[in-house]
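A quick write-up on the structure given underneath.
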Amino acid sequence: MQRPIRLSMLATAAVLFLLAGCHHTPQSKPLSQLTPVEMQGHEVFQAHCAVCHHPNSETKLVGPGLLGLFQKPYLPSGAPANDARVRSTILHGKDVMPPFGNVLNDQQMNDLLAYLHTV
Ligand code: HEC
C-alpha cells in the first residue's frame, strides 16, 4: 500500500520539476502581439541587426542569438542585462559589431530597445 503513494509523489515532483523548467525557458513575444512601438523596433532590427543576430534563437549568426536577452541576468558577454548596457553596445559597437550612434535616431533607438524586450 506504500507504492502507489510514492509513485504519485514522484509524479508530482516530476510535474513540478517540468513546470519550474518551463518557467526559466526564455519565450519571445509573438510578432502578432507586438505593440505599434515594438513593431517599429522590429523593423529597425530587421533593417540593421538581423544580418548578424537571430532574435528568436540563442544560436550564433555573426553575433550571439538574442533570444531572452532581457529575461536573463547577463548579456552574452557577461555584462548585466540592462537597458544602459545594451544601449551603449548599440551606440558604440563591440568588436566586429559596428556602432550605430550615427545611424539610428533617438526614436529608432527607443523603439529598438522596446522590441529587444520582447525577444
Ligand atoms: C556586423 C554584424 C553585427 C551587426 C550588424 C550587429 N551586431 Fe550585435 N553583435 C555582433 C557581434 C560579433 C557581437 C559580439 C561582440 C562581442 O562581445 O565580442 C554582438 C553583440 C551584441 C549584443 C550583446 C552585447 C553583450 O554585451 O554581450 C547585443 C545586445 C547586440 N549585439 C545587439 C545588436 C543590435 C540591437 C544590433 C542592431 C542595431 C546589432 N547588434 C547589430 C555583431 C553584429
Side-chain angles (χ1 to χ4, degrees):
M1 273 295 121
Q2 287 277 4
R3 245 182 64 188
I5 296 170
R6 286 220 189 109
L7 276 178
S8 70
M9 279 171 69
L10 266 179
T12 308
V15 166
L16 287 175
F17 180 76
L18 284 176
L19 284 176
C22 288
H23 186 71
H24 292 292
T25 307
Q27 191 101 55
S28 301
K29 191 168 163 186
L31 278 189
S32 60
Q33 289 176 21
L34 296 192
T35 65
V37 166
E38 290 163 356
M39 201 62 211
Q40 279 162 24
H42 170 71
E43 278 158 25
V44 174
F45 187 90
Q46 290 302 113
H48 298 287
C49 320
V51 65
C52 291
H53 294 284
H54 291 301
N56 300 141
S57 146
E58 290 175 323
T59 308
K60 185 180 166 175
L61 193 54
V62 179
L66 301 182
L67 172 68
L69 188 65
F70 284 111
Q71 297 173 48
K72 302 174 200 160
Y74 301 106
L75 298 174
S77 66
N82 58 44
D83 277 29
R85 277 300 180 129
V86 170
R87 206 176 269 269
S88 156
T89 303
I90 298 168
L91 276 178
H92 306 294
K94 198 167 196 302
D95 297 341
V96 186
M97 177 168 158
F100 288 89
N102 294 325
V103 178
L104 304 178
N105 63 32
D106 283 354
Q107 175 168 358
Q108 289 172 314
M109 185 61 120
N110 291 338
D111 294 351
L112 178 59
L113 259 289
Y115 169 67
L116 289 175
H117 276 273
T118 73
V119 302

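Heavy-atom basis, side chains included; hydrogens, waters and symmetry copies ignored. Atoms within each ligand, like the ligands themselves, are counted from 1 in listed order.
Residues Ile90 and Met97 meet the side-chain proximity criterion, which asks for heavy atoms closer than 4.5 Å. Side chains of Thr118 and Thr35 form no contact here, defined as non-hydrogen atoms less than 4.5 Å apart. Side-chain contact between Val86 and Phe70 is present, with at least one heavy-atom pair separated by less than 4.5 Å. Residues Phe45 and Leu66 form a side-chain contact, since some pair of their non-hydrogen atoms from C-beta on lies under 4.5 Å apart.
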Go ahead and list the nitrogen or oxygen contacts between ligand 1 and the protein that come in under 3.5 Å, distances to 0.1 Å, or just say none.
{"unit_1": "ligand 1", "atom_1": "7 (N)", "unit_2": "His53", "atom_2": "NE2", "d": "2.8"}
{"unit_1": "ligand 1", "atom_1": "9 (N)", "unit_2": "His53", "atom_2": "NE2", "d": "2.8"}
{"unit_1": "ligand 1", "atom_1": "17 (O)", "unit_2": "Lys94", "atom_2": "NZ", "d": "3.0"}
{"unit_1": "ligand 1", "atom_1": "18 (O)", "unit_2": "Asp95", "atom_2": "OD2", "d": "2.6"}
{"unit_1": "ligand 1", "atom_1": "26 (O)", "unit_2": "Ser77", "atom_2": "OG", "d": "2.5"}
{"unit_1": "ligand 1", "atom_1": "27 (O)", "unit_2": "Pro76", "atom_2": "N", "d": "3.4"}
{"unit_1": "ligand 1", "atom_1": "27 (O)", "unit_2": "Ser77", "atom_2": "N", "d": "2.8"}
{"unit_1": "ligand 1", "atom_1": "27 (O)", "unit_2": "Ser77", "atom_2": "OG", "d": "3.1"}
{"unit_1": "ligand 1", "atom_1": "31 (N)", "unit_2": "His53", "atom_2": "NE2", "d": "2.8"}
{"unit_1": "ligand 1", "atom_1": "40 (N)", "unit_2": "His53", "atom_2": "NE2", "d": "2.8"}

When you look at Arg87 and Asn82, which way does the side-chain hydrogen bond (donor to acceptor under 3.5 Å, both in side chains) test go after all the steps?
-> CA-CA 9 Å; Arg87 206 176 269 269; Asn82 58 44; over 6 Å; no
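Applying the salt bridge (Lys or Arg N to Asp or Glu O under 4.0 Å) test to residues at least two apart or on different chains, the pairs with a partner in residues 32-54 are Lys29-Glu38.
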